[in-house]
A.B. asks: 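I have a structure here, written as structure tokens, and I will follow up with some questions on it.
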Amino acid sequence: MTVTHRRDSVPSPEQTAGPEPTTGQKDPKKAAMSGWIGSALEYYDFALYSLAATLLFPTIFFPTENPTVGIIASLATYAVGYVSRPLGAVILGAYGDRHGRKKVLVFAMLLMGFATFAVGLLPTYGQVGLLAPVLLVILRLIQGFAVAGELGGASAMIVEHSPDAKRGFFASFSLQGTQVGSILATAVLIPLAAFLPDEQFHSWGWRLPFLLSAVVIVAGYVIRRRVEEPPAYLAQSDDAGAKRRFPLVDLLRTHPWVLVRCIIMTFTNVIGMATLIFGVSFATQKGYGIGFSSSEFLWVTLAANVAAVLTIPLFGALSDKIGRRTLMVAGGIAGGLLTVGYLWAIEQRSLPLVFLCVVIVQGILFQMWNATFATFFQEQFPMRMRVTGFAVSQNIGLMIASFFPSLFTAIAPPGSANIPLVIGLTTLGICAVSAVATLMSSDTKGKSLEDLEAR
């Protein structure tokens with residue numbers, strides 16, 4: 001994606017005198033570009049681990065005679081990254097609300113780059129025994145802590161820079177960036193898995209994508225340091241009373257039910273957990289006996305993410321026209337329902353049908369929700385707690401949702417019957433609960449940030 005910089009006129013002395021609400025220049029294109037690039041780099045790291053947890057780590061870090069135990073253990077370390085996210089949301093959210101959106105985004109990206117690079121240097125279970133998975137878990141915790149501040153800070157930055165009529169469109173680019181990051185992670189793994197012998201891929205080839213995250217450490221600092229804080233945030237930052245309030249305490253005191261509803265809405269991510277996490281294990285792990293290769297499902301994952309990149313800005317723009325709630329409810333319910341068909345296609349061992357279903361479920365239907373939720377969540381909270389409210393609700397919800405793949409493996413282990421129906425209906429039920437929480441939330445269609453702030 002290419003985003004051009006707007007050429008602003010030379011500011012007058014009144015514009016540069018101080019951080020008043022009307023001073024400075026909102027620059028939604030520059031903010032969107034920063035959010036897009038930063039999210040792409042940071043989610044490259046996070047998605048890379050997610051893929052490795054399903055395709056590689058069960059044998060590298062968790063060798064066991066029981067395939068079910070190995071799969072559950074590896075998926076549990078995937079979930080561990082979400083356990084630390086609420087703590088990161090509280091600390092980094094408070095930092096972003098009290099000290100600036102830009103500062104928290106720079107710190108989060110540098111920390112993520114360090115943790116992912118270190119995963120590429122880890123010894124295996126065969127080399128150091130139990131120390132290997134212990135170190136893996138520690139680094140995954142750091143990853144989760146770091147990523148907790150990314151989307152909340154990036155989307156707040158974009159929303160506060162954007163014109164009211166295009167908030168959904170501009171904010172969707174940070175979500176598009178997360179999908180691009182997943183594409184980059186998949187694109188790096190595909191040639192390694194395809195061209196390296198399995199023994200070399202599992203011994204050293206898998207390390208290369210993790211070591212490439214060193215680029216994040218440099219790129220993150222350069223990119224994020226160039227973005228200006230939103231003028232309205234700078235004006236509020238002079239409020240000494242706002243600085244005295246700790247955002248989490250303020251959030252729990254003034255917006256507890258908004259927080260609960262946003263947590264429940266986040267459960268719609270179960271669609272991705274069922275398709276791109278459990279679905280990959282179902283298709284490729286020997287215990288299930290389906291027989292797809294790792295490289296085949298890297299291509300399936302890539303197809304889903306490419307479709308998402310194309311549809312996210314469209315749904316973001318559409319949400320500005322028809323409202324966020326309609327898209328979130330429709331996408332969640334339809335995506336949950338068609339998860340049954342996607343898993344059935346895997347069970348039928350039809351790769352073309354798998355590609356078709358994953359594009360529909362993950363690339364289109366889920367993106368109706370995914371492209372819209374960040375803007376909707378940001379609109380539910382006032383500016384003084386916007387990063388914290390978003391980060392805490394999203395990351396608590398994702399922490400709970402991250403255990404869904406392990407739950408799916410437990411209720412539908414290798415050898416069980418009707419796996420597509422069991423997992424698909426469970427996914428639909430969770431999406432229905434999320435839809436109810438969405439319908440109970442305030443509609444933000446046609447409202448300016450000032451209107452929402454006053455509410």
Side-chain angles (χ1 to χ4, degrees), residues 89 151-152 155-156 159 164-169 171-172 175 251-252 254-275 308 311-312 314-340 360-362 364-382 385-386 388-402 404 424-449 451-455:
L151 192 56
S155 56
V159 162
D164 293 327
K166 293 186 176 181
R167 283 198 304 266
F169 173 68
S172 71
L175 278 304
L251 173 67
L252 294 175
T254 61
H255 291 71
W257 294 114
V258 176
L259 176 65
V260 170
R261 288 195 297 271
C262 287
I263 290 172
I264 296 173
M265 282 187 273
T266 305
F267 291 172
T268 306
N269 282 278
V270 69
I271 297 172
M273 304 295 180
T275 56
T311 57
I312 283 175
L314 300 178
F315 290 131
L318 186 59
S319 76
D320 289 322
K321 305 296 183 182
I322 68 174
R324 328 275 184 228
R325 293 195 305 181
T326 301
L327 284 173
M328 292 172 67
V329 171
I333 293 295
L337 178 62
L338 290 183
T339 298
V340 178
I360 294 173
V361 175
Q362 185 67 21
I364 298 176
L365 296 176
F366 176 66
Q367 300 313 318
M368 293 171 65
W369 185 91
N370 191 45
T372 308
F373 90 95
T375 311
F376 191 65
F377 281 23
Q378 295 285 352
E379 292 167 335
Q380 303 299 309
F381 301 100
M385 63 177 72
R386 181 164 287 142
T388 299
F390 179 98
V392 170
S393 58
Q394 184 210 20
N395 287 291
I396 289 179
L398 285 176
M399 179 192 69
I400 298 171
S402 70
F404 291 155
L425 291 181
T426 302
T427 300
L428 176 60
I430 295 171
C431 288
V433 174
S434 299
V436 172
T438 304
L439 292 172
M440 293 176 63
S441 301
S442 299
D443 192 3
T444 58
K445 181 182 178 182
K447 293 182 172 64
S448 67
L449 285 182
D451 292 338
L452 297 171
E453 195 77 16
R455 182 194 65 188

A.B. asks: Could you tell me which non-hydrogen atom of Gln362 sits nearest to which non-hydrogen atom of Gly272, and how far apart they are?
C.D. replies: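 Closest heavy-atom pair between Gln362 and Gly272: OE1-CA, 3.5 Å.
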A.B. asks: With respect to Ser393, which candidate in Leu251, Val260, Ile263 satisfies the side-chain contact (heavy atoms from CB on, under 4.5 Å) definition?
C.D. replies: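 Answer to the side-chain contact (heavy atoms from CB on, under 4.5 Å) test with Ser393 among Leu251, Val260, Ile263: Ile263.
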A.B. asks: What I'd like to find out is whether the side chain of Cys431 reaches to under 4.5 Å of the side chain of Val270, using heavy atoms alone.
C.D. replies: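 Yes - at least one pair of side-chain heavy atoms lies under 4.5 Å apart.
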A.B. asks: Looking at Thr372, is its backbone amide N or carbonyl O close enough to the side chain of Arg324 to form a donor-acceptor pair, meaning the two atoms are under 3.5 Å apart?
C.D. replies: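 Judged by distance alone, no pair lies under 3.5 Å.
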A.B. asks: Using modelled atom types only, decide if a donor and an acceptor are shared between the side chain of Asn395 and the backbone of Ala391 within a distance under 3.5 Å.
C.D. replies: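 Pair found, side chain donor or acceptor close to backbone of Ala391.
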A.B. asks: Under the side chain to side chain donor-acceptor pair (under 3.5 Å) test, which residues partner Ser441, sequence neighbours left out?
C.D. replies: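 Checked Ser441 against side chain to side chain donor-acceptor pair (under 3.5 Å); matches are Arg261.
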A.B. asks: Less than 4.5 Å apart, any side-chain heavy atom of Phe404 and any of Thr427?
C.D. replies: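 Contact flag for Phe404/Thr427 side chains = no.
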A.B. asks: Could you state the interatomic distance from OG (Ser442) to CZ (Arg325), rounded to the nearest 0.5 Å?
C.D. replies: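 Rounded to the nearest 0.5 Å, the OG-CZ separation comes to 8.0 Å.
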A.B. asks: Any heavy-atom pair between the side chains of Met440 and Trp257 that's under 4.5 Å?
C.D. replies: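 In short, these two side chains do not touch, never coming nearer than 4.5 Å.
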A.B. asks: Counting only N and O atoms by type, is there a donor-acceptor contact under 3.5 Å from the side chain of Gln378 to the main-chain atoms of Gly152?
C.D. replies: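 Side chain of Gln378 to backbone of Gly152, a donor-acceptor pair under 3.5 Å: yes, one is there.
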A.B. asks: Using a 4.5 Å cut-off on heavy atoms from C-beta on, say whether the side chain of Trp369 contacts that of Asn269.
C.D. replies: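 Heavy-atom side-chain distance check passes, below 4.5 Å.
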A.B. asks: Applying side chain to side chain donor-acceptor pair (under 3.5 Å), can you list everything that pairs with Thr339, at least two apart in sequence or on another chain?
C.D. replies: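 Residues passing side chain to side chain donor-acceptor pair (under 3.5 Å) with Thr339: none at all.
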A.B. asks: For a quick test of reading the model, state the closest non-hydrogen atom pair linking Ser319 to Gly168 and the distance between them.
C.D. replies: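 Smallest interatomic distance, heavy atoms only, reads OG-CA, 3.8 Å.
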A.B. asks: If I compare all heavy atoms of Ala437 with all of Ile264, which pair ends up nearest, and what's the gap?
C.D. replies: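 In terms of heavy atoms, the two residues are closest at CB-CG2, 3.7 Å.
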A.B. asks: Evaluate Leu175 against Phe373 for side-chain contact (heavy atoms from CB on, under 4.5 Å), listing each step before the verdict.
C.D. replies: CA-CA 9 Å; Leu175 278 304; Phe373 90 95; 3.7 Å; yes
A.B. asks: Is there a side-chain contact between Ser434 and Met328 in this structure, where contact means two heavy atoms from C-beta onward sitting under 4.5 Å apart?
C.D. replies: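 No, side chains not in contact.
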A.B. asks: When rounded to the nearest 0.5 angstrom, what distance separates CD1 in Ile322 from NZ in Lys445?
C.D. replies: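 With rounding to 0.5 Å, CD1 (Ile322) is 7.5 Å from NZ (Lys445).
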A.B. asks: CZ/Arg167 to OG/Ser155 distance, rounded to the nearest 0.5 angstrom?
C.D. replies: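 Taking CZ in Arg167 and OG in Ser155, the distance rounds to 12.5 Å.
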A.B. asks: What distance separates Thr254 OG1 from Met385 CE, expressed to the nearest 0.5 Å?
C.D. replies: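 Answer rounded to 0.5 Å: 3.5 Å.
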A.B. asks: Check Leu259 against Gly389 and note the closest heavy-atom contact, atom names and distance.
C.D. replies: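 For Leu259 and Gly389, the tightest heavy-atom pair comes out as CD1-O, 4.3 Å.
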A.B. asks: Quick one: pull up CZ in Phe376 and SG in Cys262 and give me the separation to the nearest 0.5 Å.
C.D. replies: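 Going from the CZ atom of Phe376 to the SG atom of Cys262 covers 7.0 Å.
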A.B. asks: Using modelled atom types and a 3.5 Å cut-off, is there a donor and acceptor pairing between side-chain atoms of Asp320 and backbone atoms of Phe169?
C.D. replies: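 Answer holds: yes.
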A.B. asks: Knowing that exactly one of Leu337, Ile271, Leu338, Thr311 qualifies, which makes a side-chain contact (heavy atoms from CB on, under 4.5 Å) with Leu365?
C.D. replies: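 Result for side-chain contact (heavy atoms from CB on, under 4.5 Å) with Leu365: Leu338.
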A.B. asks: Do you know which two heavy atoms are closest between Ile312 and Asn370, and how far apart they sit?
C.D. replies: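 That would be CD1-ND2, 4.1 Å.
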A.B. asks: Return the minimal non-hydrogen interatomic distance between Val361 and Gly335, and the atom names on each side.
C.D. replies: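 Taking every non-hydrogen atom into account, CG1-O, 3.7 Å.
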A.B. asks: How long is the span from the CZ atom in Phe377 to the CE atom in Met265, to the nearest 0.5 Å?
C.D. replies: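 If we round to the nearest 0.5 Å, Phe377:CZ and Met265:CE are 4.5 Å apart.
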